[in-house]
Amino acid sequence: MHRFSVGAHVKLAIVGGGPLKRQDPSHDIAVYERNPEGSTYGWGVTYWAGLLDKLRAGDPESADAVAEASVTWTDGVAIVRDQRTVHRGDAGFGIGRRRMLGLLADRARELGVRVDFEHDITGTAAPELADADLVVAADGVNSVLREAHADRFGPTVAHGRNHYIWLGTTKVFDSFSFAFKETEHGWIWCYAYGFSGERSTCVVECSPETWTGLGLDTRGEADSLNLLEKLFHDLLDGHELIGRDRADAAAQWLTFRTLTNRTWHHGNLVLLGDAAHTTHYSIGAGTTLALEDALALADALRDHTDLDAALTTYGKRRRAELVSAQSAARYSAQWYENLPRYMNLPPAHMFALLGQRHSPLLPHIPPQLYYRLDRAADHLQPLRRLKRWLGPHLARATHSRH
């Protein structure tokens with residue numbers, strides 16, 4: 001049985017990232033990252049104020065550094081065909097992924113954590129892990145450490161239908177922006193948001209039929225970006241799209257993989273972030289959920305002297321807390337996979353339902369009727385209560401059929 005006390009000297013090996021050292025400086029913590037420092041790909045990430053509150057409770061210095069390096073917005077803007085509409089919403093934040101990881105790495109070093117870049121851990125037998133009291137697998141959806149014990153963790157992967165590509169642009173957006181373009185091969189759309197004073201993220205998505213119809217399955221990266229710049233010219237205002245600087249290579253189109261695991265730890269090996277779970281990018285929660293994992297793991301290790309009890313508590317807590325986000329992500333992905341269902345609405349109505357895409361009720365009600373009911377529910381409390389009751393019941397009924 002592993003005994004684990006915050007009052008004792010404990011050796012932790014973290015592969016890919018993980019919790020900070022703040023709660024006990026005596027711990028020996030090493031982070032192993034296979035990529036060079038500053039090479040992270042992914043442009044920007046989004047988060048909301050709740051993350052800063054949680055991060056501030058765990059490490060105020062990190063929260064302040066992240067907040068200072070972020071940009072913020074309150075409005076959502078959509079271009080549907082060629083018509084622009086605006087939706088007021090809650091404040092959101094954007095920060096460059098490279099900048100955020102750099103800030104967290106610097107803070108970890110300040111606290112005495114050893115951060116080794118270009119240090120690949122290829123399996124659970126790696127000598128760096130041999131005498132670790134705890135190994136944290138934060139090595140992503142393709143986690144080598146998790147797959148070494150796949151029979152224990154029980155990973156399940158569901159593949160999304162649509163194709164998407166993660167790009168940058170020199171256009172700096174001051175709101176979370178969308179553009180939906182109809183082509184002779186179907187709809188293609190873009191989400192865009194700023195993350196610094198010089199760059200924004202653009203995620204382009206379309207159905208498989210549109211992807212092949214536009215030839216995006218065979219075009220190189222430069223040719224693909226040229227086509228996308230033409231399609232989204234009014235959103236980009238003449239600015240360029242930026243890929244991975246491999247113009248002669250194939251464009252990096254993907255389909256999203258939703259990962260879940262039956263359990264999150266085996267022995268002294270525990271999963272964190274995308275190694276444990278993924279949620280569709282359209283809810284903008286991946287980075288937030290990974291940081292929440294790290295904070296919850298640190299809490300569990302502080303509150304339990306027995307390692308197995310700590311890791312069991314951590315896994316149960318986070319799986320329960322993720323239910324809501326995973327449901328929202330599932331419905332959000334399905335909304336986009338069924339986009340033509342909503343595109344005959346007036347643009348303002350369509351954009352309003354875009355904001356309701358997490359609802360388990362929406363797939364079961366004609367879109368225009370849902371829009372009217374949603375507007376009416378703003379003023380009628382009984383209808384509001386019925387909507388809150390009916391959605392989860394329909395969700396459970398749908399889930400039980402599948």
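Predicted model, so just to flag it, every value in this text is computed and none were measured.
Residues forming a salt bridge (Lys or Arg N to Asp or Glu O under 4.0 Å) with Glu240 (at least two apart in sequence, or on another chain): none. Applying the salt bridge (Lys or Arg N to Asp or Glu O under 4.0 Å) criterion to Asp120, with sequence neighbours excluded, gives no partner residue. Shown here are the ring-ring contact (aromatic ring centres under 6.0 Å, His included) partners of Tyr371, two or more places apart in sequence or in another chain: His349. Scanning for ring-ring contact (aromatic ring centres under 6.0 Å, His included) contacts around Trp187 gives an empty result, with sequence neighbours left out. For the ring-ring contact (aromatic ring centres under 6.0 Å, His included) test, no residue two or more places apart in sequence or in another chain qualifies with Phe232. Phe195 meets the ring-ring contact (aromatic ring centres under 6.0 Å, His included) test with no other residue; sequence neighbours excluded. Every salt bridge (Lys or Arg N to Asp or Glu O under 4.0 Å) that Arg317 has, sequence neighbours left out, goes to Asp299, Glu321. Take Glu337 and apply the salt bridge (Lys or Arg N to Asp or Glu O under 4.0 Å) test, not counting sequence neighbours, and it matches no residue.
Shown here is Arg99, whose CZ atom has no more than 12 heavy atoms of other residues, nucleotides or ligands within 6.0 Å.
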Side-chain polar contacts of residues 272-287 - donor-acceptor pairs under 3.5 angstrom, sequence neighbours left out - could you list them?
residue	atom	partner	partner atom	Å
His277	NE2	Asp293	OD2	2.6
Thr278	OG1	Arg257	O	2.7
Thr278	OG1	Leu259	N	2.7
His280	ND1	Ser282	N	3.2
His280	ND1	Ser282	OG	2.7
Tyr281	OH	Glu205	OE1	2.8
Ser282	OG	Ser332	OG	2.5

Quick one: side chains of residues 47-54, donor-acceptor pairs under 3.5 Å with protein atoms, not counting sequence neighbours, listed by atom name and distance.
residue	atom	partner	partner atom	Å
Tyr47	OH	Ser70	OG	2.6
Lys54	NZ	Glu292	OE2	2.8

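Residues Asp308 and His265 bring a donor and an acceptor atom of their side chains to less than 3.5 Å of each other. Between the side chains of Ser327 and Ser324, no donor-acceptor pair is found at a separation under 3.5 Å. A donor and an acceptor atom, one from each side chain of Tyr370 and Ser359, are located under 3.5 Å apart.
In this structure, Arg152 and Thr263 approach most closely via the heavy-atom pair O-CG2, 3.0 Å. Across all their heavy atoms, Trp335 and Leu353 have their closest contact at NE1-O, 3.6 Å.
Here OG of Ser143 is found 7.5 Å from CG of Leu269. Values are rounded to the nearest 0.5 Å. A distance of 11.5 Å separates CG of Leu228 from CG of Leu235, quoted to the nearest 0.5 Å. Rounding to the nearest 0.5 angstrom, the gap separating the CG atom in Leu103 from the CG atom in Asp64 is 11.5 Å. Taking CH2 of Trp73 as the reference point, atom CZ of Phe173 lies at 12.0 Å (rounded to 0.5 Å). Of the inter-residue distances, the one linking Asn226 atom CG with Leu241 atom CG reads 10.0 Å to the nearest 0.5 angstrom. How far CG of Leu111 is from CD1 of Ile29: 8.5 Å, rounded to the nearest 0.5 Å.
Without hydrogens or angle criteria, Lys171 side chain to Ser200 main chain gives no donor-acceptor distance under 3.5 Å. Panel note: side chain Asn261, backbone Trp264; no donor-acceptor pair is recorded below 3.5 Å.
The closest side-chain heavy-atom distance from Arg318 to Leu322 is below 4.5 Å. Contact annotation: the side chain of Ile121 never approaches that of Arg34 to less than 4.5 Å [non-hydrogen atoms, C-beta and beyond].
In this structure, Tyr191 has its ring center under 6.0 Å from that of Tyr336.
A salt bridge links Arg161 with Glu209: the closest approach of a Lys/Arg side-chain nitrogen to an acidic carboxylate oxygen falls below 4.0 angstrom. Salt bridge Asp82/Lys181: present, at least one basic N to carboxylate O contact under 4.0 Å. Of the charged side-chain nitrogens involved, at least one lies within less than 4.0 Å of a carboxylate oxygen, so that Arg109 and Glu37 count as a salt-bridged pair.
Residues in residues 123-145 take part in no ring pair (Phe, Tyr, Trp, His ring centres under 6.0 Å) pair, two or more places apart or across chains. Sorted by first and then second residue, the side-chain hydrogen bond (donor to acceptor under 3.5 Å, both in side chains) pairs involving residues 110-119 (not counting sequence neighbours) are Tyr32-Arg114, Arg107-Glu110, His119-Glu128.
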